[in-house]
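Here the structure comes first, spelled out in structure tokens, and everything after it is commentary.
Computed from a prediction, not measured in an experiment: that's the story for all the values here. Residue numbers run from 1 in the order of the sequence given.
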Amino acid sequence: MTGIRVGSSAGARHRSLITNELTLDRPSLWLPVLARSGGSTLVARGVVVSVSVRNPPPRAGWALSLCAAAGEGGGSFVSSKPPKPRGFVGGPAADPARARAEAGRRARGRLRRYCAANRLTRLGTLTYAGEGVHDQREVRQHVGVFFRNLRDSLGGEPMPYVWVPEWHKNHGLHLHFGVGQFIPRGKIAAAWGRGHVHIKLKSARLPAGAGSLAQARANAGYLSKYVSKTFEAEDDPAKERPRGLHRFDVAQGFTPKTTRIWATSRAELIEFASGAMGGAPERMWFSADEEEWEGPPSLWLQW
């Protein structure tokens with residue numbers, strides 16, 4: 001049994017012991033802290049490895065999903081209503097436009113966290129020669145072959161990546177992808193073998209000395225624009241995404257883990273998250289500042 005202290009003033013007031021589950025010296029509060037030892041968060045390949053939690057208490061409160069590897073967390077107020085039964089399937093959305101906007105926001109968030117956690121700092125583009133390809137399933141087969149070829153050319157080790165399709169006005173589909181290491185352009189061209197390739201480090205417009213996290217977030221910003229376009233493309237029946245295909249795809253085994261934090265108030269939630277991350281967030285967003293917000297009270301934090 002090892003004593004654990006989280007950073008910042010919040011951590012100074014909340015100590016815990018990690019055994020088979022997390023316990024706190026304040027039993028009315030539930031905080032799954034990130035285990036820290038000697039000032040270093042215990043992580044492996046972007047995955048927190050020393051966190052154990054109990055189920056949250058069955059009462060109203062604030063909950064935050066903290067993705068430490070990506071340096072961000074999002075949460076909202078959770079009512080004390082009983083959860084929907086497993087297998088529950090809702091009907092059509094009352095507001096399809098709003099549902100679509102929310103789906104886009106969630107997709108962009110998942111992509112951003114994956115890019116940031118895996119430090120995918122380089123943005124590449126794959127295009128087809130000739131008239132291009134318009135079959136979305138065929139494109140996905142080609143991309144699968146491309147990444148297998150690319151991985152083999154780099155020694156065969158698993159590598160994180162993300163890719164997003166984009167419709168060209170008159171040329172079918174082309175593809176944008178993100179990786180986190182330098183790869184010679186020649187190897188990318190050889191692995192693709194179906195047309196032209198382009199790749200660059202996303203450091204433009206960033207402050208001098210910006211690190212890999214800032215570069216990965218900038219890269220995610222560009223890729224997120226292409227994810228948004230997948231929603232727009234579906235207004236055209238010829239470009240509608242076949243059932244079962246994702247808006248973007250990632251390498252398996254690199255999805256960042258999240259830790260659930262519970263608190264009785266928004267301020268307490270921010271305090272606990274700051275303690276877990278070792279400092280206050282650099283950016284915060286609150287739904288209370290949005291005039292047209294219709295969902296539950298929510299927040300987003302970034303370090």
Side-chain angles (χ1 to χ4, degrees), residues 4 6-8 10-11 14 16 18 20-22 24 29-36 40-57 61-78 83-84 102-120 160-162 178 180 212-213 216-217 220 223-224 227 246-264 266 268-287 295-303:
I4 303 295
V6 297
S8 84
H14 303 288
S16 64
I18 292 184
N20 292 328
E21 57 188 18
L22 181 71
L24 296 174
L29 302 176
W30 296 73
L31 169 64
V33 299
L34 304 184
R36 302 180 73 87
S40 300
T41 304
L42 302 180
V43 298
R45 300 181 68 85
V47 177
V48 178
V49 297
S50 297
V51 175
S52 181
V53 299
R54 289 176 178 170
N55 292 326
W62 282 79
L64 180 97
S65 292
L66 180 65
C67 183
E72 69 172 78
S76 63
F77 181 80
V78 180
K84 294 182 177 66
E102 284 296 302
R105 181 187 61 79
R106 290 192 298 269
R108 292 190 298 272
R110 290 194 302 271
L111 184 147
R112 183 182 63 250
R113 289 188 291 273
Y114 186 92
C115 283
N118 291 292
R119 304 301 192 266
L120 303 187
Y161 62 79
V162 59
S212 59
L213 178 56
R217 285 172 174 167
L223 290 166
S224 292
V227 171
H246 299 146
R247 298 186 187 280
F248 66 90
D249 283 292
V250 302
Q252 299 302 306
F254 295 93
T255 300
K257 301 298 182 181
T258 59
T259 301
R260 195 76 161 170
I261 295 178
W262 293 83
T264 57
R266 190 182 79 176
E268 190 174 63
L269 191 70
I270 296 172
E271 180 188 10
F272 284 168
S274 298
M277 292 298 291
E282 296 180 0
R283 297 177 61 193
M284 295 189 289
W285 171 88
F286 302 118
S287 61
S298 302
L299 80 166
W300 175 79
L301 312 172
Q302 186 180 78
W303 285 263

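- Figure legend: Arg266 and Phe286 shown as a cation-pi pair, the cationic atom lying under 6.0 angstrom from the six-membered ring centre and within 45 degrees of its axis.
- Two residues are said to be in side-chain contact when any heavy atoms from C-beta on lie closer than 4.5 Å; Leu120 and Pro160 meet this criterion.
- Glu268 and Trp62 share no donor-acceptor pair across their side chains, judged by distance under 3.5 Å alone.
- Between the CD atom of Gln252 and the CZ atom of Phe254 there is a distance of 10.0 Å, given to the nearest 0.5 Å.
- To the nearest 0.5 Å, atom CD of residue Glu72 and atom CG of residue Leu213 are 9.5 Å apart.
- Every residue two or more places apart in sequence or in another chain was checked for a salt bridge (Lys or Arg N to Asp or Glu O under 4.0 Å) with Arg217, and none qualifies.
- Side-chain atoms of Val250 and Tyr161, non-hydrogen and from C-beta on, never get closer than 4.5 Å to each other.
- Ala216 and Ala116 get closest at one heavy-atom pair: CB-CA, 4.0 Å.
- Distance check, rounded to the nearest 0.5 Å: OG1 of Thr258 to CG of Leu66 gives 8.5 Å.
- Between Trp285 and Leu301 the shortest side-chain heavy-atom distance does not fall below 4.5 Å.
- To the nearest 0.5 Å, atoms OG (Ser287) and CH2 (Trp300) are separated by 14.0 Å.
- Contact detail for Tyr114 and Ala251: the closest heavy-atom pair is OH-O, 3.1 Å.
- Annotation for Phe248 and Val227: closest pair CD2-CG2, 4.0 Å, computed over non-hydrogen atoms.
- Interatomic distance, SG of Cys67 versus CH2 of Trp303, reported as 10.5 Å (0.5 Å rounding).
- Annotation for Pro256 and Arg113: closest pair CG-O, 3.9 Å, computed over non-hydrogen atoms.
- In this structure, the side chains of Trp262 and Leu269 stay at 4.5 Å or more apart for every pair of heavy atoms.
- Within the 4.5 Å cutoff, side-chain heavy atoms of Val162 are placed close to those of Leu223.
- Of all heavy-atom pairs between Gly75 and Leu64, the closest is N-CD1, 3.7 Å.
- Residues Met284 and Pro281 form a side-chain contact, since some pair of their non-hydrogen atoms from C-beta on lies under 4.5 Å apart.
- Although no hydrogens or angles enter the test, the distance criterion places a donor-acceptor pair under 3.5 Å between the side chain of Ser298 and the main chain of Pro296.
- Between the CZ atom of Arg112 and the CZ atom of Arg105 there is a distance of 9.0 Å, given to the nearest 0.5 Å.
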